Amino acid sequence: MKKIIKNGRIFTEREDYQADILIEGEKIMCIGKDISDGDAQVVDASGCYVIPGAVDVHTHMDLDVGISRAVDDFYDGTVAAACGGTTSIVDHMAFGPAGVGLHYQFEVYKKLAEGKAVIDYGFHGTAQHVDEDILAELGAMAADGIPSVKAYLTYGFRLNDADVLQILRKMKEINGITAFHCENHDVVEFLKQQYKKEGKTAPVYHAKSRPNLAEAEAVGRVLRLARMADDAPVYIVHLSCRESLEAVREARRQGQKNIFVETCPQYLLLTEECYQREDGLKYIMSPPLRTRKDCEALWEGLSDGSVQVVATDHCPFNYRKEKQMGKDDFTACPNGAPGVEERLMLLYSEGVAKGRITMNRLVETLCTNPCKIYGLYPEKGVIQPGADADLVIFDTDASGVITHSRMHGAVDYTSYEGMEIQGQICQVMQRGKVIVKEHQFIGEKGAGRFIHRKPLEKGLFQSRS
Ligand code: URP
Ligand code: ZN
Ligand code: ZN
């Protein structure tokens, strides 16, 4: 089946031009002016932008956090993602039972995703302890299409500095990349207990127990460990504050290479004032929401290239159910918030339409960079012949309001309720098939495929990393 997307304004990370796109089967065949083909179905994109399908490299579908489970499984969560213009995800696998190898969770997650995901998906490995077997298994995971691993510096299965150094060395050897959740665990635990003892159990104390400097300290530590591992590739997930960004800039000023930084819409747009609202539990996530000054610093970092990726950390728990576990004690609330559907709308409306970032930068940070860093490029994240026909047609003139009833996930709220949005998604295509039209999901359960990702390619990444 052939399709021609006619008269769209195509944006890539560098270009902005008017052209037609010919799609044959699952792939982009050619791009040019006035393409015609009697056999092709024509999709009129006049007046609209056409961008690569967005890629979300930080989701937690069906995440088991022990006290509960994220409420979007791989079906609900990927339907929501698709409706928000995301055509691939790379999901962070949960911790497994103590002592298991990396492949244990891979097997679990294959079963969670297969037959459910409606868009293409990959997984990041999760390192929950380090020994010779785990180090050897990192190479085997990469050979199986998982050249990335996540290390947590807080939570139950956090790694210590020696663990981190060994992982970084090994990942560098295999051209893999290590993603880090950076918070100083001892400081956070101490402050949580202090507030609890003082009877300070409201949601705002979640934020107070996880200060900016507790994150920045851990970011700085990881960067130094990466430097000790001969500039091993390091990816900081959900960076949320100006001090952490400063630590990254300082490391780069010192000449350190291979540092990649992700932030999320919630850290660009929402502030700690949310914790004072009566529904403050909705915003319990780690790191917590910060101040307006932090949001502005992150926008600047996004605009000047200090930040490479905007992902979502989608990890939804119902406000009326799971989140209520924290109503008398913030430490008992499952951490995480939804956001997989809202990302592109928010970044266009609050970023591009308000002049904070360019449209090219949006494409770079939501589509192209995630693919280059995590081995999905050039099949995904770009509009060029040979790439998968994963595309979003976006109408910048249309507007709307974000409201829960228009969202497609299983969770009972959106963090952005009532926000007015400039720009709307008209159509989403995955590998040449229209899967979203006029806010409706029209794709197929289980049509998503596992993406066998490649190791980090030297020289592919030309940005200020
Ligand atoms: O609070 C959050 N972010 N929950 C999801 C797990 C994580 O730390 O990324
Ligand atoms: Zn995290
Ligand atoms: Zn996360």
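Start at 1 and go down the list; that is how both ligands and their atoms are numbered. Keep in mind the model is a prediction, meaning the values are calculated, not measured. Numbers here are sequence positions counted from 1. Because only heavy atoms are used, hydrogens play no part in the values below, and waters and symmetry mates are left out as well, while side chains stay in.
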Short N or O distance, H181 and ligand 1, threshold 3.5 Å exclusive = yes

ask   = What is the name of the N/O/S atom in D313 that sits closest to the Zn ion (ligand 3)?
value = OD1

message = Parallel, tilted or perpendicular, judged at 30° and 60°: which one describes the rings of F330 and Y205?
response = tilted

task = Go through ligand 1 atom by atom and flag the ones less than 4.0 Å from a non-hydrogen atom of M285.
result = 1 (O)

inquiry  = Closer than 4.0 angstrom, basic N to acidic O: yes or no for R290 and E272?
reply    = no

request  = With T365 as reference, evaluate L302, V309, T263, N360 under the side-chain contact (heavy atoms from CB on, under 4.5 Å) test and give the passing residue.
outcome  = L302

message = Could you check whether any heavy atom of H238 sits closer than 4.0 Å to an atom of ligand 1, since that is the contact criterion I want to use?
response = yes

request  = Give the residue and atom name of whichever protein heavy atom lies nearest to atom 8 (O) of ligand 1, and the separation in Å to one decimal.
outcome  = Y155 OH, 2.7 Å

request  = Among the N/O/S atoms of H181, select the one at the shortest distance from the Zn ion (ligand 2) and name it.
outcome  = ND1

inquiry  = Could you check, using the six-membered ring where one of them is a Trp, whether Y235 and Y374 have ring centers closer than 6.0 angstrom?
reply    = yes

key: Closest approach of any protein heavy atom to atom 3 (N) of ligand 1, naming residue and atom   = D313 OD2, 2.6 Å

inquiry  = Check the orientation of H58 and H238. Use parallel for under 30°, tilted for 30 to 60°, and perpendicular for over 60°.
reply    = tilted

message = Quick test: of every protein heavy atom, which one is nearest to atom 1 (O) of ligand 1, and how far off is it to 0.1 Å?
response = S286 N, 2.7 Å

note = min-distance protein heavy atom vs atom 6 (C) of ligand 1 -> H60 NE2, 3.5 Å

ask   = Do the charged groups of K111 and E107 touch, with an N to O distance under 4.0 Å?
value = no

E215 with R210: basic N within carboxylate O range, under 4.0 Å = no

H92 backbone or side-chain N/O/S under 2.8 Å from the Zn ion (ligand 3) = no

inquiry  = I'd like to know: is the Zn ion (ligand 3) within the 2.8 Å range of an N/O/S atom from H238, strictly under that distance?
reply    = no

Close-contact set for ligand 1 against N335 heavy atoms, below 4.0 Å = 1 (O), 2 (C), 4 (N)

request  = For the pair F106 and Y109, evaluate ring-ring contact (aromatic ring centres under 6.0 Å, His included) and give the outcome as yes or no after the intermediate values.
outcome  = CA-CA 5 Å; F106 185 21; Y109 268 70; 9.3 Å; no

